[in-house]
Structure formats: C-alpha cells, structure tokens
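Chain A is the first sequence line, chain B the second, and so forth, proteins listed ahead of strands; every chain is numbered from 1. Bear in mind the structure is a predicted one, so any value in this text is a computation, not a measurement.
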Number of protein chains: 2
Amino acid sequence: MEDNTARFEKLLVKNGLKRTAPRLQVLEILSGRDSATSQPYLEQVMGKDADRVTLYRVLQAFEEKGIIHKVLDQQGTANYAICSDGCSAHEHHDEHVHFNCDNCHKIYCLDTVKIPALKVPAGFKVDRLNLIATGLCASCSDKVN
Amino acid sequence: MEDNTARFEKLLVKNGLKRTAPRLQVLEILSGRDSATSQPYLEQVMGKDADRVTLYRVLQAFEEKGIIHKVLDQQGTANYAICSDGCSAHEHHDEHVHFNCDNCHKIYCLDTVKIPALKVPAGFKVDRLNLIATGLCASCSDKVN
DNA sequence: ATTATATTTGCAACATAATTGCATTAAAAT
DNA sequence: ATTTTAATGCAATTATGTTGCAAATATAAT
C-alpha cells in the first residue's frame with residue numbers, strides 16, 4: 001500500500017476537511033512513525049512548509065474529528081498518533097496504555113494492552129482512562145544489556 | 001491540630017530547606033485543599049506575596065525532596081499535592097490513581113485505589129505508572145442528579 | 001548579640017509554547 | 001468561470017517556564 005495519499009485524501013473528505021498540503025503532510029509524517037510524535041518534532045520536520053499556527057490548527061482539527069489522538073508525555077508535551085480505525089469524532093477508542101521510554105523518549109501506543117477495570121470510591125463516575133507507563137522500551141532495554 | 005506551621009517548619013528542616021515565608025505559604029495552601037492544586041491557582045492566590053520564579057523554585061525543591069508530587073491534568077497543566085508520609089526524595093509512592101473531574105476540574109488523589117498489574121509486550125520494562133481517570137467526581141455527579 | 005556563610009528571593013531578561021484577529025489564498029460547489 | 005466557504009500565513013499578543021545575578025534573609029559560628 002504505497003498510495004497513502006489517496007487514502008489520506010479520502011480520510012479528510014470523509015471528515016469534511018479540505019484536502020490541503022499541510023494536512024496531507026502531517027498525515028504522512030505521523031503514519032511513517034512507530035510512536036507518537038511531538039508537536040515540536042512536527043514543527044521541525046515541516047520547517048517552513050507550514051506555519052506554526054497552521055500546524056496547531058491542523059492538529060486541533062484532526063483531534064476533534066478523531067483522526068488523531070493526543071498523548072501527554074511526562075513533561076506535559078503534546079504528542080500525536082493516528083487513531084486506529086475504531087475512532088471517530090464522538091467516540092475515541094484510545095483507552096490503551098501509552099508507554100513512555102526514559103531513554104529514547106518515544107511514546108508507544110500499546111494497543112494490545114487493555115487497562116484493567118478500576119474500582120473508584122462511591123459517587124465517582126469514570127468516563128475516560130489514561131494510563132502512561134514509563135520505563136525502558138524493548139529496543140532500549142536491549143541496548144543497555 | 002491547628003498548629004500546622006510548626007509541623008511544616010519541621011518538615012522543611014528535616015529536608016534541609018530553610019524555613020521561609022513563601023515555602024510555608026505554599027504548604028499552607030496545599031494542605032488546605034482536598035485536591036491537587038494547579039500552579040496557576042497557586043500563583044493567583046499568592047499574588048504579590050511571592051514572585052512567580054520563587055513559586056516555581058519552591059515547587060521544584062519540594063518535588064525533589066518528595067514533599068509534594070506533581071500530577072499533569074488532561075491539558076498538561078501541572079498540579080501539586082502534598083505527598084503522603086511514605087514519600088521521600090528517593091522513593092515516591094504516588095502510584096495511585098488521580099481523578100480529574102470534567103465539571104469542577106479538581107484533581108483527586110485516590111490513595112485507596114491501586115493501579116492493577118499490567119501486562120506489557122516482551123522487552124518493555126515498566127518503572128512507573130501514571131493513571132488518570134476522567135469523569136465526574138462524587139460531589140459533581142450529586143449536583144447533576 | 002554580632003558577624004559570617006550559605007541559601008533563598010526577586011528582578012530583569014530571555015526562551016518557548018500557544019492563541020487570536022485579519023487579510024489573503026486555495027479548494028470545492030455552483 | 002464564478003462564487004462560496006474553508007484554510008492558510010502573518011503579526012501581535014498572552015501564557016508558561018527558565019537563567020543569571022544582585023540583594024535580602026535564615027541559620028550557624030563566634
């Protein structure tokens with residue numbers, strides 16, 4: 001599947017968004033990475049191809065439509081990853097665990113790991129869960145040993 | 001136990017920190033609240049009693065010593081809460097669940113709720129866990145009904 | 001009590017991150 | 001082709017966090 005572009009264009013149209021260069025570029029970059037991508041990184045890679053403000057707005061629009069989801073890392077920096085197919089504007093299915101590596105600082109979406117059920121005190125109504133595990137990723141713990 | 005001040009002074013001395021007005025004030029404010037407190041709120045309450053920079057440094061020093069711990073809310077804003085007694089500079093015991101209310105935006109430390117054990121893919125080494133639940137707190141879900 | 005010291009504070013300047021308004025441009029609809 | 005609507009880029013502004021340094025203050029030493 002080399003023709004990502006066509007796929008992305010469809011994705012945009014489906015969500016009522018126009019097919020513009022900055023938007024396609026963001027989708028290309030995000031899809032080409034195995035972990036969530038920080039806003040600063042995107043900004044750096046895109047360079048002068050797109051204004052900083054445009055990037056913010058693209059990310060915001062994508063998030064609202066459920067095309068991408070935001071994960072905050074330990075420092076509170078926003079990181080973005082393309083949502084799996086189940087996501088939509090109204091129903092995010094990103095309740096999987098995010099893994100933040102202390103060494104390479106990548107953020108992995110561990111789609112296979114589900115967050116166990118949780119007992120909360122009476123009266124509390126849980127709507128969403130966000131679990132961030134920190135430590136060493138498989139690749140980095142290999143190198144250390 | 002109305003004499004918090006004496007208690008706080010001891011806490012500072014124990015951690016090799018001098019007993020200064022801004023530090024005591026931060027401890028007073030944090031201890032008087034039932035949920036984690038955001039940096040902006042602290043800044044607002046302290047007003048011109050302390051410089052913004054001082055506040056940052058006080059919070060940083062407290063965190064390093066294990067006197068308080070930081071929780072990031074959904075927006076990535078730093079929130080602080082006094083650690084329970086088990087905490088120290090070297091060993092934070094803040095692996096409990098934090099609850100972020102959508103309505104009042106308070107952050108509760110649910111000390112009683114433990115994070116369930118987690119299965120991660122081979123090679124990943126988990127060091128710390130941070131689980132944020134979002135929804136309605138007991139007080140707010142009461143009001144709604 | 002006074003002085004010495006080491007820490008802490010407050011200020012100024014700077015750096016980074018994010019938002020808003022508005023004119024211009026580009027995409028889609030007619 | 002023209003119109004309409006959405007998106008971009010720029011400038012200005014606000015929020016957030018950091019650093020260096022001189023002045024002030026808490027504690028230890030005398």
Distance-only donor-acceptor test, K18(A) side-chain atoms vs dT5(D) base atoms, 3.5 Å: yes
dG9(D) phosphate, OP1 or OP2, under 4.0 Å from T54(A) side-chain N/O: yes
Value in whole Å for how far the P atom of dG10(C) lies from CE of M46(B): 8 Å
Nearest-Å distance for atom pair CG/C1', residues D51(B) and dC21(D): 14 Å
Minimum-distance nucleotide to R23(B) side chain [options: dT16(D), dT9(C), dA27(C)]: dT9(C)
Shortest side-chain distance from A50(B), nucleotide among dG9(D), dG10(C), dA28(C): dG10(C)
Side chain to side chain, L17(A) and I67(A), heavy atoms closer than 4.5 Å: yes
Rounded distance (Å) that lies between atom C1' of dA26(C) and atom CG of L24(A): 14 Å
Interatomic distance, N15(A) CG vs dA27(C) C1' [rounded to whole Å]: 17 Å
Selected nucleotide, minimal atom distance to Q39(B) side chain, candidates dC10(D), dG17(D), dT8(C): dG17(D)
Atom pair distance, as rounded to whole Å: CD in E43(B) and P in dA15(D): 10 Å
Close side-chain approach of E43(A) to R52(A), heavy-atom, < 4.5 Å: yes
Nearest-neighbour nucleotide for the T20(B) side chain, dT8(D), dA26(D), dG10(C) considered: dA26(D)
Phosphate OP1/OP2 of dA18(C) contacted by R52(A) side-chain N/O (<4.0 Å): no
Selected nucleotide, minimal atom distance to Y56(B) side chain, candidates dT18(D), dC11(C), dA18(C): dT18(D)
Rounded distance in Å - CG (D49(B)) to C1' (dT8(C)): 16 Å
Whole-Å distance separating the CG atom of L72(B) from the C1' atom of dT16(D): 13 Å
Separation of atom CD in Q25(A) from atom C1' in dA7(D), rounded to whole Å: 15 Å
Residue V58(A), side-chain heavy atoms: nucleotide from dA18(C), dG17(D), dT8(D) that is nearest: dT8(D)
Co-membership, hydrophobic cluster, residues F8(A) and L12(A), 4.5 Å side-chain: yes
5'-most by nearest nucleotide on DNA chain D - L17(B) or T77(B): T77(B)
Centroid-centroid distance, F62(A) to Y80(A), less than 6.0 Å: no
Y41(A) six-ring centre to R33(A) NZ/CZ under 6.0 Å and within 45° of normal: yes
Base dG17(D) to side chain R57(B), donor-acceptor N/O within 3.5 Å cut-off: no
Proximity to the side chain of V53(A) - top-ranked nucleotide from dA17(C), dC10(D), dA27(C): dC10(D)
